[in-house]
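In what follows, a structure is listed as structure tokens, so that the remarks can point back to it.
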Amino acid sequence: MRGDSIVSPSSRLRLGRRSSLCEEKSSADKEKPIGKEGMAELIILDDDDDFQELPTPSKISLTPSKFSLTQEQRTRIAQQKELALSRRMARESMKSQKSSECMASPSQGLSTSYQDTGKAAALGGASIEAPSSASGLKRGKTFSHDQMDELAVQQGWVSVRKRPVPGTSFGQGMSLRGWSPGMGSSLDSDHSSAAEASTENSDKPKVEVEDPKSDWQKPKKKITLSKQQLKVLKAISTGESVFLTGSAGTGKSFVLEFAVRVLKAKYGASAVFVTASTGLAACALGGTTVHAFAGIGLGVGSKESLADKVKSRKDSRIRWQAAKALIVDEISMIDGELFDKLDYIGRIVRNNPRPFGGIQLIVTGDFYQLPPVNPENPQKYFAFEADCWNRCFHLQVELQHVFRQADQDFVGLLNEIRRGGCSPGNEETLRQCSGPVDQSSGIVLTRLYPRKVDVSRENEQNLRALNQPTVMFIAKDEARNDFAKRQLDNVRVEAIVALSVGAQVMLAKNVDPGGGLVNGSRGVVVGFCTPDDPRASEINKTHHSVSPSGVWPLVRFACDNLERLVVPESWTVLDGEVEVAKRTQVPLSLAWALSVHKCQGMTLDRVETDLSRAFDYGMVYVALSRVKSLQGLRLIGFDPSKIRVHPKVAHFYEELDGANASQEEPSFQD
Ligand SMILES: Nc1ncnc2c1ncn2[C@@H]1O[C@H](COP(=O)(O)OP(=O)(O)OP(=O)(O)O)[C@@H](O)[C@H]1O
């Protein structure tokens with residue numbers, strides 16, 4: 001591990017402290033005080049204040065389905081409960097051996113509450129508190145699991161299939177709690193290994209916070225921000241612009257989630273814009289692409305013409321002028337030319353000579369991961385090559401402690417690959433990962449492929465192997481012209497989606513970020529709602545062309561194990577603010593296999609990958625670093641020559657290290 005890890009403002013990187021971030025203030029967006037102890041405010045925010053305020057690109061459109069509970073189902077539930085309870089007890093006993101001041105005590109973990117949102121379900125704990133909203137029930141009264149299971153079904157919080165569907169991988173049946181976190185979903189966050197790793201660290205984490213991703217399936221675990229993470233959040237809370245980098249799994253996105261809360265508390269939600277380089281990353285944060293925020297369409301053209309375009313369009317002009325903080329995630333995929341253009345537009349549209357017109361910038365990403373696709377100007381391939389880059393940030397911070405993987409040997413191996421190396425010992429370790437991975441728990445391996453064509457082949461083969469009738473969904477596409485129509489190829493859902501019962505699927509749109517249903521959420525098709533069902537006939541009134549057979553998929557999602565009816569969604573292609581094309585389709589794609597590009601930013605439990613055809617910089621590193629442990633990795637076709645690092649990236653991080661070494665402030669390490 002390298003020494004200092006925070007690049008504190010060196011003369012090269014530092015800007016003077018800004019007392020105020022922008023001139024214009026309205027009563028609506030007046031800065032809210034965050035108090036002397038800015039971070040204290042940060043960590044005591046209610047979960048209700050959580051990310052529900054994030055801009056959601058679409059309305060919630062998935063509705064839980066209801067079924068009645070049979071005796072057979074009750075028996076199965078009881079079996080699942082026993083299993084869950086024994087797993088839980090084993091976990092708790094392991095945890096108690098590693099007791100730590102920064103984690104919830106095991107006794108806390110043994111009971112949990114149903115939440116008032118109605119999405120609650122039981123853990124394997126001994127007793128469960130009923131929601132206050134449940135009719136006839138008082139908060140605080142405890143119920144057996146059986147009572148709660150029945151209550152949950154009666155109240156419509158959960159639904160239970162009448163019989164298991166062949167090929168179903170999630171929980172193999174109808175358990176209310178058969179899902180264990182991280183079963184191949186990008187958004188499952190099981191912090192146990194991470195928290196354990198952090199407690200073993202000598203740099204005692206400072207602040208306990210509620211994990212914003214905790215859900216009703218798990219006890220709310222206390223998680224602890226590392227000193228570095230805390231330092232970054234403090235800087236952000238005092239209005240500093242920060243570039244936050246670090247290897248995969250160091251918690252960049254995790255810090256961002258808190259940063260969004262801090263900034264919204266400070267400036268008001270309407271002045272904070274959450275963006276990312278790709279739609280997938282943006283959706284995971286509940287934001288939009290940086291192009292959409294900027295109102296620059298595809299971003300082609302001179303910076304002057306783009307600034308004119310933004311100024312002439314009311315919506316985009318108002319957005320730029322209202323912004324007090326701009327968050328940009330996955331910066332590695334934004335090229336330097338575009339970054340300079342954004343800086344220019346900010347200065348011109350806001351009539352303010354400071355970088356980005358004085359907007360506080362929070363930029364995150366790891367340049368060792370995937371690079372920009374087709375950068376406009378090869379001289380400015382990476383964002384750090386932008387002329388404005390070093391003027392933009394008060395702080396450039398490289399997080400050091402990896403939370404995603406607890407095994408330090410694996411972390412060392414990944415860090416070596418990140419920097420383009422692979423020692424003979426590590427190569428041997430990876431070659432030994434070619435054997436089968438334990439799938440007895442029903443967790444299906446996610447296969448990662450460098451090329452999209454392999455992803456399609458694999459998904460199609462698996463669909464055929466189910467040997468179930470296939471239902472076709474045909475997108476309704478609308479476009480102003482041929483150019484706009486071609487842009488629909490970039491939309492995250494295919495023109496034709498073929499589904500069968502048992503198909504492993506992934507959501508292609510953020511439909512309910514608060515409920516965990518986001519772009520990338522994993523699920524399984526458990527049935528189809530037929531046209532005689534009132535819900536289906538309602539959808540068919542407007543979207544019959546999408547489903548010629550008039551049926552609509554019922555999907556059980558991993559995030560909460562609930563079955564939902566999935567209805568069509570629309571994706572639009574904008575040129576600036578003008579809608580030029582639109583696709584309407586069921587927001588699902590097959591998910592036995594994923595492309596490496598699609599999985600950047602995800603945490604996966606079990607991965608199988610063939611990287612012999614990896615072609616881009618950082619691709620091998622991105623694929624391998626998704627998985628939490630070597631035990632969850634099946635690697636076939638490993639070729640060390642496919643580990644590629646762009647020399648400019650290596651140079652950038654050497655400079656960052658150099659700046660670290662010369663900093664005067666005490667160093668921070670995890
Ligand atoms: N302080 C912490 N305590 C416990 N868990 C943490 C902490 N910070 C991050 N994590 C967990 O570590 C995992 C990886 O975090 P995250 O996805 O934010 O990393 P990242 O740096 O954005 O990774 P990538 O570069 O791959 O996108 C997540 O499960 C996250 O919840």
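Being a predicted model, the structure only gives us computed values, none of them experimental. We count ligands from 1, going down the list as the structure has it; atoms in each ligand are counted the same way.
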What are the atoms of ligand 1, with element, lying closer than 4.0 Å to any heavy atom of [X]?
X	value
Q369	25 (O)
T224	1 (N), 2 (C), 3 (N)
R626	26 (O)

Purely on distance, is any nitrogen or oxygen of [X] under 3.5 Å from one on ligand 1?
X	answer
L225	no
T250	yes
G251	yes
E330	no

Query - For Y653, the option from F382, Y368, F384 that meets ring pair (Phe, Tyr, Trp, His ring centres under 6.0 Å) - result: Y368
Query raised in the report: Touching ligand 1 at all, G249? Heavy atoms, strictly under 4.0 Å?
Result: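 Yes.
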If only atom types and distance count, is the side chain of [X] paired as donor or acceptor with the main-chain N or O of [Y] below 3.5 Å?
X	Y	value
D335	L338	yes
R447	W592	no
R419	N415	no

Query raised in the report: Side chains of L414 and S625: closer than 4.5 Å at any heavy-atom pair?
Result: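 A side-chain contact under 4.5 Å exists here.
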Query raised in the report: So, Y267 versus Q360: side-chain donor-acceptor pair below 3.5 Å or not?
Result: yes
Query - Identity of the nearest option to atom 2 (C) of ligand 1, non-hydrogen atoms only, from F258, F403, Y368 - result: F403
Query raised in the report: Can you check whether F652 and F367 have ring centres sitting under 6.0 Å from each other?
Result: yes
